[in-house]
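Note sheet for the following structure.
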Amino acid sequence: MRDAFGQPQTAILFGGTSEIGLAIVDRLAAARLRHVVLVGRNPSALEDAASALRARSVTATVVLADAADAASATDAVDQAFGALGAPCDLVIMAVGLLGDQAADDDSPERTATMFVVNTAWPAAVLAGCRAALVAQGTGQILVLSSVAALRTRRANYTYGAGKQGLDGFTLGLAESVRGTGVTVHLIRPGFVTTKMTGHLSPAPFSTTAPAVAEVAVTAVMKGTPVAYAPGILRYVFLGLRHLPSALWRKLPG
Amino acid sequence: MERLTGWGRTMAVQAERATPSTTDELADLLSPTGPGHGVIARGLGRSYGDPAQVAGGTVVDLSAFSAISAVDERTHAITVGAGVSIDTLLHHILPLGYFVPVTPGTRQVTIGGAIAADIHGKNHHVDGSFASHVVSMDLVTPVGVMTVTRDRDPELFWATAGGMGLTGIVTAATITLLPIASTMVSVDTTRHRNLDEVMAAMVDGDHRYRYSVAWVDCMTSGATMGRGVLTRGDHAPADRGRPPTTIPTGASVAVPFNAPPGLLNRLSITAFNEAWFRAAPKERLGGIESISTFFHPLDGVANWNRLYGPRGFVQYQFAVPDAASATVATAIERLAASKVPSFLAVLKRFGAGNRGPLSFPTAGWTLALDLPVGPPALPAVLDDLDDLIAAAGGRIYLAKDARLNPAHLETMYPALAEFRRVADRVDPERRLTSDLDRRLNVRGPRHA
């Protein structure tokens, strides 16, 4: 059970090798985390992450699932909650695929996969988690969206539109669980320098996985519905969303 | 489902509420065909954290178990339903010339809760905790309905005293009352410039009083660190008080809604503590106070917990043996240094503990602090204090806890294994659990 400060003891990380997801788990491990389930696709990378957590006295269980296969969502949820064997305090949704916009542009297959990985699979998993957490009478859901969801742009519109779907779904999910003991927290990071973005040059206000993790953990502890990383992006995007297209397209990053 | 929190208003969860009206209905709730996901008794919700809730499970409301027997004039014993509050009981027994043997700082606790938390009052150094005055209790467990006493299943009796409801559900208890000659209290109040003086005065003179408590200011440092007001007294003799028919009054004011976050901050709390210290007399001997004023000052303000705002607060209460009395000063100093705002702390001496494996009181000192949730440093400051207290042979009070590092539970309660064995004997399928049990793993690994 989470404590009075909102520090969870049990968690499920969907996107079990995500740098931001693991940075969040890392912070929780320094507090009260005792069991985490890592859900992902790459067995050896998941095992490496699990071993690192076990070295810190956290029980870590690996569940294999492929987010490119929307039909696997139900199984992934069942296996993850089953592996925990106790009420789940926190679900972290950190699945995401940035893609390659130039290659995605003209490819129906790649575009479909982008929407399955970034939207359909996470939303399906969250629907399954919703049922499980409401039955528990308690639990928190943390979803990693992106400021790219706020306004799509040439450089990554397929990714941005996918996150837009997940972002909107999450806000509705948050409303749907009011009064059930379950809360939902949405994080919108800016450009994060990780392996997913290593080949790109950082945009303005770029941040790091540990910094996003700090924002995310604070949001969970304080019960913040929507948080930005870094926080200033909340105000930057207030303006950017309404910028004329001619200017928007010329912005760096 | 219903939204539940403890008195600290943290960790809100949803659970079903069952309101059995007979022992049979209650036994059904604990049977294998009863509701799933855990069952725990819930009284008036005055424990601060999560012992009286079970997320996704069922809390049992014993308000139907409300019978109060006549008082046995020879033994002063009375049999009271577990759902009866100390408030209700006092209204019943004060006109008869009796007082409860132990009362906490609020009358809004049930007899069942008083046993489950093995509550203590200002008289612990003389009279011990609530369980010391319990003659017998009727207990419904998953393996059957039983009456337990110190002689009939003493293991279960003592595991239930302070057992946080995890050994069964008490339906009624026979307790021994205290005969009193008046409903007034004769009180000596003294003001002390710092913690050392407060503690010295308590060591020196507490044995002369049935009741003793000190309120300590945790916001001062240096030469006035831990300055405090010590109030000590006893029930006034008949000629000094009004006739024994005065009954405690209810709350005269209420906090009507949740305060905005940050109402209680360093500035407002420092100002309050200053005003409160200056308002106390330097020394006033033989003052006469009502039972409400002396024992239950906070009952004068209904829903005072709302003052702490939407994120709520935690109460940190620990006990340390005399040999580690310096821990009291260290705790206050660390909180002051970390800039965590803390209201008046309550300091008192404990007499010897009882043999309840989870009963909190143990000879020495106990300090209780109310702390608003919010300062980012607070979780780590309290974790560090846990380490210090565990190393000093001390412990945290589970009825107040909402954040203890679970790794310390066994150190703080060395007889935990005995508790677990007894709990598993009367509840082998682990029907009884609470969020506190889940958080601290009170009942232990299943195959222990």
Side-chain angles (χ1 to χ4, degrees), chain A residues 1-11 27-35 56-59 81 84-91 129-140 176-185 213-225 227 231, chain B residues 1-16 36-38 48-51 53-59 261 308 310-316 371-383 400-407 433-441 446:
Chain A
M1 295 300 295
R2 72 181 191 280
D3 68 9
F5 300 125
Q7 303 183 119
Q9 290 184 315
T10 54
R27 287 187 67 94
L28 300 177
R32 291 287 189 265
L33 191 70
R34 58 175 172 77
H35 191 171
R56 302 180 59 190
S57 311
V58 174
T59 306
F81 277 84
L84 213 48
C88 173
D89 296 334
L90 179 66
V91 167
C129 291
R130 181 190 187 282
L133 296 185
V134 168
Q136 284 181 184
T138 183
Q140 292 179 290
S176 81
V177 293
R178 281 176 65 90
T180 64
V182 179
T183 57
V184 179
H185 311 277
E214 173 156 7
V215 168
V217 170
T218 306
V220 165
M221 287 177 68
K222 292 175 74 167
T224 312
Chain B
M1 299 255 257
E2 174 182 339
R3 181 181 187 273
L4 301 172
T5 73
W7 187 244
R9 304 177 74 242
T10 56
M11 304 180 281
V13 301
Q14 297 269 327
E16 301 289 349
H37 308 293
Y48 284 68
D50 48 7
Q53 65 191 42
V54 53
T58 302
V59 297
Y308 281 91
R311 293 185 68 189
F313 70 109
V314 293
Q315 185 171 92
Y316 191 72
L371 304 160
V373 172
L378 186 56
V381 169
L382 296 185
D383 281 353
K400 307 292 181 69
D401 180 59
R403 37 68 45 206
L404 176 65
N405 180 349
T433 184
S434 62
D435 288 349
L436 174 98
D437 173 31
R438 291 167 169 171
R439 182 168 56 81
L440 298 180
N441 197 15
R446 261 189 191 267

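Only the side chain of B:M1 comes within contact range of chain A, with heavy atoms under 4.5 Å apart. Of the atoms belonging to A:R32, it is side-chain heavy atoms, and not backbone ones, that fall under 4.5 Å from chain B. Only the backbone of A:V134 comes within less than 4.5 Å of a heavy atom in chain B; its side chain stays farther off. Residue B:A15 does not touch chain A at all, counting heavy-atom pairs closer than 4.5 Å. Both the backbone and the side chain of B:N405 come within less than 4.5 Å of a heavy atom in chain A. Only the side chain of B:L382 comes within contact range of chain A, with at least one heavy atom under 4.5 Å from a heavy atom of that chain.
For B:Q14 (side chain) and A:G179 (main-chain N/O), a donor-acceptor pair under 3.5 Å exists by modelled atom type.
Shown here for B:V314 and A:A4, the closest heavy-atom pair between the two residues is CG1-CB, 3.5 Å. Pairing each heavy atom of B:R311 with each of A:M221, the nearest pair is NH2-O, 3.5 Å. Closest non-hydrogen pair, B:A55 versus A:T138, comes out as CB-CG2, 3.4 Å.
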### Task
Test A:M1 against B:L440 for side chain to side chain contact (heavy atoms under 4.5 Å, CB included), laying out the working first.
CA-CA 9 Å; A:M1 295 300 295; B:L440 298 180; over 6 Å; no
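B:R439 places none of its side-chain heavy atoms less than 4.5 Å from the side chain of A:D89. Residues B:R403 and A:Q7 are not in side-chain contact: their nearest non-hydrogen atoms beyond the backbone lie 4.5 Å or more apart. Using a 4.5 Å heavy-atom cutoff, the side chains of B:P406 and A:Q9 are in contact.
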